[in-house]
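Beneath this line is the structure, given in structure tokens, with notes to follow.
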Amino acid sequence: MTTTVPLAPVRRWIGRTQSSHRERGATAGNIYFAVLFVAVVGGMLHRQVAAVFWPHAPNASRLAGGALALVLFGLLYLALRRFGPLALSRPAASWLLTAPVSRRRLLVPSLRLAAIVAAITGLLFGLAVVGHAAPRTLDGQVVALLGGGAAVLGVALLLVALAAQAGGRWGDALDAVVSLLLAAGLAGLVTAATRDDPVAAGGWPGAGTLVPLVGAVALVVAFFFALAARGLARTPNDRILEAAKTAGTLFDSAFGMEPSFLTDMIERRYWARRRLRSVRWPARVPVLVGQDLLLVARRRRRLLWLALAVALPVLLAPAPAALMAVAVLAGTMLAAATSAGNAKTDAGNPVLQRLLGLTTRQVIQQRLWVPGVLAALWAAAALTLLDTLDALPPGAWWALGLTLGPVGAVAAIRRARVGFVRNELLPLDTPMGTVSTGPLVNAVVGPDALLLGLPALVEIAGGHPLSWTAVLVQAVVGVIGARAYLSWLAGVGPL
Amino acid sequence: MAEDHPAVEVEGLHVGYGSTPVLVDVALTVPAGTGVCVVGENGIGKSTLLRCVSGLQQPDEGTIRVFGGDPGATPEFWRAVVTTVEPPTWYPGLTAREHADLVCRAHGLDPDEAGVDEALDRFGLTGHADAIPPSLSSGQKQRLILAIALLRPSALLILDEPEQRLDREGRQSVAALLADYLSGGGSLLMASHDDAFAAASGAEITTMESLGAAL
């Protein structure tokens, strides 16, 4: 192609036309509100934020620090991969990607933005690791160098993710490796929480070693960044379109406060890539239980993550026991939610449920089973692990875990059936500004059913030896709660 | 479902969208065991009528009885009535064939005895049995939902342009299936743009105008 339309005038024209349609001062107003929001929230939460990034005294051992770095940067890489990292806005993807403009010029601003985000995230993550694991005697210059190095590492991860976006199958393999590293990092955190290693070990490099090291790495990354910017035009169209859809959906989700847009899109993409073979239904189990089992069997990797997540409550062992109890209950709900996808489909659009000719009560009665079993097994495993590590007083904690099955199942199914955020609910006027109640109400539907786990929560938080009476009480409360939920559904209406 | 009632009885039906009246004083009766096909140009209110009869849309005025009862209100209604007026959201991670199997088993039928393989074959979907429905073309999705609708037991079919996106052979075979359905004692209410298809299915053709619709 010989005729390339210069891009900059087109972009300027779009910007000018868009702003001419906006109300005068609308942009300034938006900036004002954004700054005000950050200032107000920052003022409210600065202590907590400081505690997360820079606690008063370092509190992580060498192992914990390393594991934390692994987890944070693993998450950064996976997030970059999930969202592109190279994306265009949806209108730009429709109109400019297909226009005869320079591809490199079109994509460079996106790359610049992605690099800034990656660098800032890397810097924050690096500071958090240093804040938790380094002794306070560390030189300010060294801290700055370490932070700078972490920012460079963030950009390096971006470049790898960028190459994976343009490249072939190795990207998927690398994702799997990073997932494993992330899992190893979590395992490291859990191990560190169960041991009494010395906090904030020394041995941090001095400025003399760091300056040449960080400088050299920064040079290398800058070189590859320039190379990547030159090669931007070679990014395949389909990858950019996919990323543009992701970015657009992310925006929709944030703007409409509707996270389900994003999760649904991720789910759709997952199944679009899978190659399935039809199987015969297991004849012995009820048909919808069979369907849930099939779904779980087809997403075995989720089960693996669930099994690993059994160890996460251990991280909270040093925290107040009530917090750990809440974590166990929340985990029980999440475990059940891994197989609540079909209930969500039925609630979103009941056309297939009508074809099945079943009432909502009949459907949910069957759909509670698999989540219930998963939740029971997860809670039993998590509590048994806590018990073995002596984080709990003596008792048959596995039995208490099993009784949490119905609680997790009811919570997960309620969560799956919540539907869209109701933005028509009355907003609340507070001194901090207007709070829309729709998202708040939406967020508590589901977790509210965890109140059925109150007896277990009291037992875990209480610090007394567990009695069989307590197990029995929790079992009865859970079963009665599940039955009450089913009868309530019968009153909601047939379909 | 009482057999002495007509399959569908509509009287004095009024529906409007905003200030635009779509259906004005519409009356329609589908005697049990017979078929009625409503024809008419786009936007005349065929789908609105079918949605009201399926109980998926509340009319402004008028009465609708399906087998003598209110439409859409009970699970018994949905065990007797199959409608394709709304597109389904397919279950995640389930293949086309598994969707058909699921519906059969939910109605207590053995998928093999119900003839899932034959139904997929008849609708030209054998090669796509292992595909997930969202990956099918719009015509294939339409055929899959028709195949499933005809597989499960029912007393009344409410179909919105079932011939849509089907090729000539496909139309002939669907029309033959609908004729079989009627001769087996089922009732049929459908909207269509294809008079030959409607005639071949054995349904009585009636225009929207003759039912009393506003233009």
Side-chain angles (χ1 to χ4, degrees), chain A residues 263-264 266-300 302 339-363 366-367 416 490 493-495, chain B residues 54-56 70 72-112 116-117 120 125-126 128-135 144-145 147-155 158:
Chain A
T263 51
D264 289 356
I266 290 169
E267 175 104 3
R268 274 199 306 278
R269 280 199 187 149
Y270 174 81
W271 290 114
R273 283 205 210 107
R274 280 284 298 265
R275 295 271 165 278
L276 300 175
R277 286 195 67 80
S278 301
V279 297
R280 293 293 148 130
W281 293 92
R284 295 297 172 94
V285 294
V287 56
L288 298 184
V289 177
Q291 188 196 358
D292 284 346
L293 282 175
L294 191 61
L295 196 67
V296 170
R298 284 187 172 158
R299 300 213 69 169
R300 274 186 287 261
R302 277 190 177 182
S339 68
N342 292 318
K344 192 172 166 197
T345 309
D346 283 332
N349 179 358
V351 168
L352 283 182
Q353 192 188 323
R354 288 184 199 122
L355 263 180
L356 296 174
L358 300 171
T359 63
T360 301
R361 186 177 195 274
Q362 288 170 319
V363 167
Q366 296 191 25
R367 294 232 191 272
L495 294 165
Chain B
S54 310
L56 300 175
D70 287 330
T74 59
E76 287 74 33
F77 176 87
W78 291 113
R79 271 197 278 278
V81 177
V82 175
T83 176
T84 63
V85 295
E86 280 203 355
T89 302
W90 303 96
Y91 286 121
L94 224 53
T95 65
R97 198 208 137 89
E98 285 162 354
H99 273 91
D101 286 2
L102 177 72
V103 172
C104 284
R105 297 226 334 133
H107 286 275
L109 301 171
D110 180 83
D112 291 325
V116 168
D117 290 318
L120 293 179
L125 292 168
T126 307
H128 303 284
D130 285 345
I132 54 167
S135 71
L144 177 60
I145 193 76
I148 293 175
L150 286 164
L151 266 172
R152 57 152 275 188
S154 64
I158 302 176

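Numbered from 1 within each chain, the chains take letters A, B, ... in sequence-line order. In this text, all values refer to a predicted model and were calculated from it rather than measured experimentally.
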Tell me, for [X] versus chain B, whether the close heavy atoms (under 4.5 Å) come from the side chain, the backbone, both or neither.
| X | answer |
| --- | --- |
| A:Leu295 | side chain |
| A:Gln362 | side chain |
| A:Arg268 | neither |

For chain A, which of B:Leu94, B:Thr84, B:Val82 has the most heavy-atom pairs under 4.5 Å?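 Highest number of heavy-atom pairs under 4.5 Å: B:Leu94.
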Partner chain A: residue of B:Pro88, B:Ala149, B:Gly93 with the largest heavy-atom pair count (under 4.5 Å):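 The candidate making the most pairs under 4.5 Å is B:Gly93.
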Sequence neighbours excluded, which residues qualify as side-chain contact (heavy atoms from CB on, under 4.5 Å) partners of B:Pro87?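 Residues passing side-chain contact (heavy atoms from CB on, under 4.5 Å) with B:Pro87: none at all.
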For B:Pro92, which atoms come within 4.5 Å of any heavy atom of chain A: side chain, backbone, both, or neither?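 For B:Pro92, heavy atoms of backbone and side chain both lie under 4.5 Å from chain A.
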Go through the atoms of B:Asp110 and report whether side chain, backbone, both or neither lie under 4.5 Å from a heavy atom of chain A.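 No part of it gets close to chain A.
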Enter the distance from [X]:[atom1] to [Y]:[atom2] here, rounded to the nearest 0.5 Å.
| X | Y | atom1 | atom2 | value |
| --- | --- | --- | --- | --- |
| A:Leu356 | B:Arg105 | CG | CZ | 12.0 Å |
| B:Asp130 | A:Arg275 | CG | CZ | 11.0 Å |
| B:His107 | A:Leu358 | NE2 | CG | 7.0 Å |
| A:Leu352 | B:Glu86 | CG | CD | 11.5 Å |

Would you check if B:Arg97 and A:Arg280 make a side-chain contact, meaning some heavy-atom pair closer than 4.5 Å?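 Yes. Closest side-chain heavy atoms under 4.5 Å.
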Does the side chain of A:Asp346 come within less than 4.5 Å of B:Thr89's, by heavy atoms?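 Contact flag for B:Thr89/A:Asp346 side chains = no.
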Are more than 12 heavy atoms from other residues, nucleotides or ligands located less than 6.0 Å from atom CZ of A:Arg274?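 Count over threshold, so yes.
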Check B:Leu102, B:Asp101, B:Val103 against A:Val287 for a side chain to side chain contact (heavy atoms under 4.5 Å, CB included) and give me the one that passes.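 That would be B:Leu102; it is the only one of B:Leu102, B:Asp101, B:Val103 passing the side chain to side chain contact (heavy atoms under 4.5 Å, CB included) with A:Val287.
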Minimum heavy-atom distance between [X] and [Y], given as atom pair plus value:
| X | Y | value |
| --- | --- | --- |
| A:Leu276 | B:Ile132 | CD1-CG2, 3.4 Å |
| A:Ser278 | B:Ala129 | OG-O, 3.2 Å |
| B:Tyr91 | A:Asn342 | CD2-OD1, 3.7 Å |

Salt bridge (Lys or Arg N to Asp or Glu O under 4.0 Å) contacts in which one or both residues fall within residues 288-298 of chain A, not counting sequence neighbours: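 Qualifying pairs: A:Asp292-A:Arg367, A:Arg298-B:Glu98.
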